[in-house]
Asker: 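Pasting a structure below so you can have a look.
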Amino acid sequence: MKNRFLWPLTGIFLMIGSGLALTYDLPLRYDVTFGDEMTYLASSLTYTFPPAPYLAQWGSFYAAWLKALQAFTNDTLVLFYLNWRLLILMTGSLLFLYLYLRKSGFIVSLFCALCFQFSALNVQLDPRISAFTLCLIMGGLCVVQAWEWSTRNVLLITALTALVCSYVRPEFYISMMTAVVVAIETYFPRKYRSRELTLNSFSGLLSFAVLVIAMRLLFGNPLGQSQEGTNRSFDAFVQHFSINYNTWNNRPIDIPIPDQFKLVANVFGRDVKSMSAAFFVHPDLVLRHLWTNVVNTATAEFRILNGLFFKTPLMNLNSPYRKWWLLGLLVIVVFGLLDLSGTFRRLATKSIRLNSKELALFILLFPSIASVVLVFPRNHYLYFHAFGLIIIVAFLFGYLKLRIVQSSVWMGSLASLMMIWVIYQTVRQQEELRPTPVADNIRFIQALSMNGPVSTLERDWYRVFLYSQEQKPRWVPVESYQPNTDFGQFLNEKNVNFILMTKDMQAYFDGDRGFAAFMSGEDANQFVRLEAPEPGSYLLVRPELLSKPPTVSALLEN
């Protein structure tokens, strides 16, 4: 094996090994979370090729990725955790490879990649579609970094990467168009002046244009409206403007989605259906919204740096003196290992060169930079910022000059110390098992023997984990029930045969006269009550839905 492949392959194997250890007992430490991730999971379970055009705005390629993973398991819960685990492995390995290709050095690349891989921001990311998008971005950037491409080819690879990403997160369509425009501006004027314009000069862009058209025909328009007429960008503005608006006015920020649209309609008018239209009605409020996001983002960047390079390295070290240990270690490194005069000379003489590869990085990160300002600094947007901050930190580490020679023994020793840290962290984490009530409820439901279609009344996303049955489950939203009316009649009209009464559902129906009358009346005897694993939760299911008699008594009166 050539020496130039030895260190990158070693680093990738170390990252894969640490990722496998980190995710060894993932289902026992982290519970299922309901939200946008369930939308993508549901799309994957019914994914067909070519997909429905509306999926272009809702993670079409991510749904295809999840569909491909179904080749390894038919269990939706196993699929959920398998995807989670694979994305942790992929993000850590690709980040190491990209940093190494940027000539950040083996030790710096390994350290930064481990900090990112083990960070709470990465492990607990929700929705995980952002991790999949980052993997695509890092894959494209690794291709850019691995060879000496011409400026045009770097921008075309960037555009191709952004095009693929746009069918995961639609805002990357802007990056694709930006890369194409920059490629035209930097390439064709020079060719025109030198009179070298030929058909071959246009071959790359023409091929890319054909690809864009083909993908629009096959997968739809990521920036278009869905078949239902919804506008994802405006929906995001509504959701997050309501958070800022209620924060300014000391009101609860956790309000239902219909109330968010009512709030925006009351503030801007019912005819406002875009952020630009809202700006023309109330520019002061929109500008305040943007400025609030800028301030919150600046604060979040320091929180991210603290989480990556302080909390993560000292994770599971609960000593009250750990900050002093870190300070002592910093003093030893600065005054014992660093050549301070040599470092300052490097800072003074080394110039920063912004080339096409750095431009590619900026173009691909631009949507996340704009999103935190226009929408809100949500964690899955800041996730891309963490990637950018790590690159900056690794770049700054490159200015450091050590007093000792960086031999293979020295790098191997530091890598071994990091692996000892990995072993310690994973052993400690496996000792800290956490309750997983949602996953336990799902396992309980999947263990039931049901025949016939499930028609479920719920607020959450348990229905997604019923797709393994012969029929697709039918969802009846709880909002379709008129409060304080005949609940039993409602269930009969909607043909509801399955209700998981979680604590959230019980809180929703608390005080409802129709539900209370149903539970204390004869209609309740039409259902069987099964106690769910989550303490205080129970399942109401019609007996005919169960192919085997349950081992519990019928629904008891309150």
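Keep in mind that what you see is a predicted model, and the values were worked out from it rather than measured.
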Asker: For Lys311, look at atom NZ and say whether over 12 heavy atoms of other residues, nucleotides or ligands are found less than 6.0 Å away.
Answerer: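 No.
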Asker: Going through the distances and angles, do Arg428 and Tyr424 end up as a side-chain hydrogen bond (donor to acceptor under 3.5 Å, both in side chains)?
Answerer: CA-CA 6 Å; Arg428 286 296 305 273; Tyr424 171 77; 2.9 Å; yes
Asker: Does any non-hydrogen side-chain atom of Arg85 lie less than 4.5 Å from one of Phe80?
Answerer: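 No, side chains not in contact.
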Asker: Compute both the distance and the angle, then confirm whether Arg102 meets the cation-pi test with Phe395: under 6.0 Å from the six-membered ring centre, within 45 degrees of the axis.
Answerer: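 Checked: cation-pi criterion not met.
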Asker: Distance alone, cut at 3.5 Å: any donor-acceptor contact between the side chains of Gln425 and Asn316?
Answerer: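 The criterion, which ignores hydrogens and geometry beyond distance, is satisfied for Asn316 and Gln425.
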Asker: Counting C-beta onward and ignoring hydrogens, is there a side-chain heavy-atom pair between Phe49 and Pro51 closer than 4.5 Å?
Answerer: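 Phe49 vs Pro51: side chains touch.
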Asker: Cut-off 3.5 Å, side chains only: do Asn122 and Tyr383 have a donor facing an acceptor?
Answerer: yes
Asker: Between Trp58 and Tyr40, what is the ring plane arrangement, given parallel below 30°, perpendicular above 60°, and tilted in between?
Answerer: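 If you compare the ring of Trp58 with that of Tyr40, the planes turn out tilted.
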Asker: Could you grab the distance from atom CG of Asp36 to atom CZ of Arg378, nearest 0.5 Å is fine?
Answerer: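 The CG atom of Asp36 sits 6.0 Å away from the CZ atom of Arg378.
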Asker: What are the two closest heavy atoms between Ala179 and Leu155, and how far apart are they?
Answerer: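 Ala179 and Leu155 have their closest heavy atoms at CB-O, 3.7 Å.
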Asker: When you compare the side chain of Leu28 with that of Thr436, does any pair of heavy atoms fall below 4.5 Å?
Answerer: no
Asker: Hey, is the main chain of Leu41 close enough, under 3.5 Å, to the side chain of Ser44 for a donor-acceptor pair?
Answerer: yes
Asker: For the atom pair CD (Gln124) and OH (Tyr30), what is the distance rounded to the nearest 0.5 Å?
Answerer: 4.5 Å
Asker: For Leu99 versus Cys112, what's the shortest heavy-atom pair and its separation?
Answerer: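 Where Leu99 meets Cys112 most closely, the heavy atoms are CD1-CB, 3.7 Å.
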Asker: Side chain of Tyr173, backbone of Cys165: donor and acceptor closer than 3.5 Å?
Answerer: no
Asker: Asn293 side chain to Val375 main-chain N or O, any donor-acceptor pair under 3.5 Å?
Answerer: yes
Asker: May I ask you to decide if Val295's main-chain N or O and Thr299's side chain share a donor-acceptor pair within less than 3.5 Å?
Answerer: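 Between the backbone of Val295 and the side chain of Thr299 there is a qualifying donor-acceptor contact (under 3.5 Å).
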Asker: Where do Glu301 and His385 come nearest, in terms of heavy atoms and distance?
Answerer: OE2-ND1, 2.6 Å
Asker: Can Ile107 and Trp7 be said to form a side chain to side chain contact (heavy atoms under 4.5 Å, CB included), step by step?
Answerer: CA-CA 10 Å; Ile107 292 301; Trp7 288 110; over 6 Å; no
Asker: Do the side chains of Ile369 and Tyr381 get nearer than 4.5 Å, heavy atoms only?
Answerer: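 No; the side chains remain at least 4.5 Å from each other.
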Asker: Would you please classify the geometry between the Phe376 ring and the His240 ring as parallel, tilted or perpendicular, with 30° and 60° separating the classes?
Answerer: parallel
Asker: For Leu365, does its backbone N or O pair with a side-chain atom of Ser368 as donor and acceptor, under 3.5 Å?
Answerer: yes
Asker: Under a 3.5 Å distance rule, please check whether Ser130 uses its side chain to pair with a backbone N or O of His380 as donor and acceptor.
Answerer: yes
Asker: According to the interplanar angle, ranging from 0 to 90°, do the rings of Phe366 and Phe362 count as parallel (below 30°), tilted (30 to 60°) or perpendicular (above 60°)?
Answerer: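 Tilted, since the angle between the ring planes falls between 30° and 60°.
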Asker: May I ask you to decide if the ring planes of Phe61 and Phe219 are parallel, tilted or perpendicular, using 30° and 60° as cut-offs?
Answerer: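 Correct class here is perpendicular.
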Asker: Kindly compute the distance separating CG (Leu45) from CG (Leu466), expressed to the nearest 0.5 Å.
Answerer: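 Answer rounded to 0.5 Å: 11.0 Å.
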Asker: Any side-chain heavy-atom pair from Phe118 and Leu22 closer than 4.5 angstrom?
Answerer: yes
Asker: Considering all heavy atoms of both residues, which atom of Phe237 and which atom of His289 are nearest to each other, and what is their separation?
Answerer: CE1-CD2, 3.9 Å
Asker: Considering all heavy atoms of both residues, which atom of Asp31 and which atom of Val438 are nearest to each other, and what is their separation?
Answerer: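 Scanning both residues completely, I find the closest heavy atoms to be OD2-N, 3.0 Å.
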Asker: Would Ile12 and Tyr100 count as a side chain to side chain contact (heavy atoms under 4.5 Å, CB included) if you check the C-alpha gap in whole Å, the side-chain angles of each, and the deciding distance to 0.1 Å?
Answerer: CA-CA 10 Å; Ile12 290 173; Tyr100 187 84; over 6 Å; no
Asker: In the structure I gave you, are the side-chain heavy atoms of Asn83 and Tyr62 within less than 4.5 Å of one another anywhere?
Answerer: yes
Asker: Can you tell me if Thr158 uses its side chain to pair, donor with acceptor, with the backbone of Val154 under 3.5 Å?
Answerer: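 Present.
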Asker: Start with the C-alpha distance between Glu171 and Ser371, add both sets of side-chain angles, then the distance that settles side-chain hydrogen bond (donor to acceptor under 3.5 Å, both in side chains), and finish with yes or no.
Answerer: CA-CA 9 Å; Glu171 59 266 26; Ser371 295; 4.6 Å; no
Asker: At their closest point, which heavy atom of Ile243 faces which heavy atom of Thr247, and how far apart are they?
Answerer: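 The pair with the smallest heavy-atom distance is O-OG1, 2.7 Å.
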Asker: Dump the intermediate steps for side chain to side chain contact (heavy atoms under 4.5 Å, CB included) on Thr133 and Arg128, then the final yes or no.
Answerer: CA-CA 9 Å; Thr133 310; Arg128 272 161 282 283; over 6 Å; no
Asker: Determine whether more than 12 heavy atoms belonging to other residues, nucleotides or ligands lie under 6.0 Å from atom CD of Glu148.
Answerer: no
Asker: Quick one: pull up CH2 in Trp421 and CG in Leu114 and give me the separation to the nearest 0.5 Å.
Answerer: 6.0 Å
Asker: Tell me if a side-chain donor or acceptor on Ser166 pairs with a main-chain N or O of Phe172 at a distance below 3.5 Å.
Answerer: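 Absent.
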Asker: Stepwise, does the side chain to side chain contact (heavy atoms under 4.5 Å, CB included) test hold for Val32 with Trp461?
Answerer: CA-CA 10 Å; Val32 174; Trp461 280 88; over 6 Å; no
Asker: Using modelled atom types only, decide if a donor and an acceptor are shared between the side chain of Thr73 and the backbone of Val78 within a distance under 3.5 Å.
Answerer: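 The answer is no, because no donor-acceptor pair under 3.5 Å joins these two groups.
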Asker: Can a donor-acceptor pair be found between the side chains of Tyr462 and Asn441 at a distance below 3.5 Å?
Answerer: yes
Asker: Kindly indicate whether the side chain of Trp84, heavy atoms from C-beta on, has any atom under 4.5 Å from the side chain of Thr23.
Answerer: no
Asker: Please tell me whether Gln117 and Ser18 have a donor and an acceptor in their side chains that are separated by less than 3.5 angstrom.
Answerer: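 A donor-acceptor contact under 3.5 Å links the two side chains.
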Asker: Without swapping roles, check the side chain of Thr426 against the backbone of Ile423 for a donor-acceptor pair under 3.5 Å.
Answerer: yes
Asker: Quick one: pull up CG in Leu55 and OH in Tyr47 and give me the separation to the nearest 0.5 Å.
Answerer: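 Going from the CG atom of Leu55 to the OH atom of Tyr47 covers 7.0 Å.
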Asker: If you define the side chain from C-beta out and look only at heavy atoms, does anything of Phe387 sit under 4.5 Å from Met138?
Answerer: yes
Asker: Whether Arg29 and Glu431 form a salt bridge (side-chain N of Lys/Arg under 4.0 Å from carboxylate O of Asp/Glu) is what I want to check.
Answerer: no
Asker: If you round to the nearest 0.5 Å, how far is CG of Leu389 from CD1 of Ile304?
Answerer: 6.0 Å
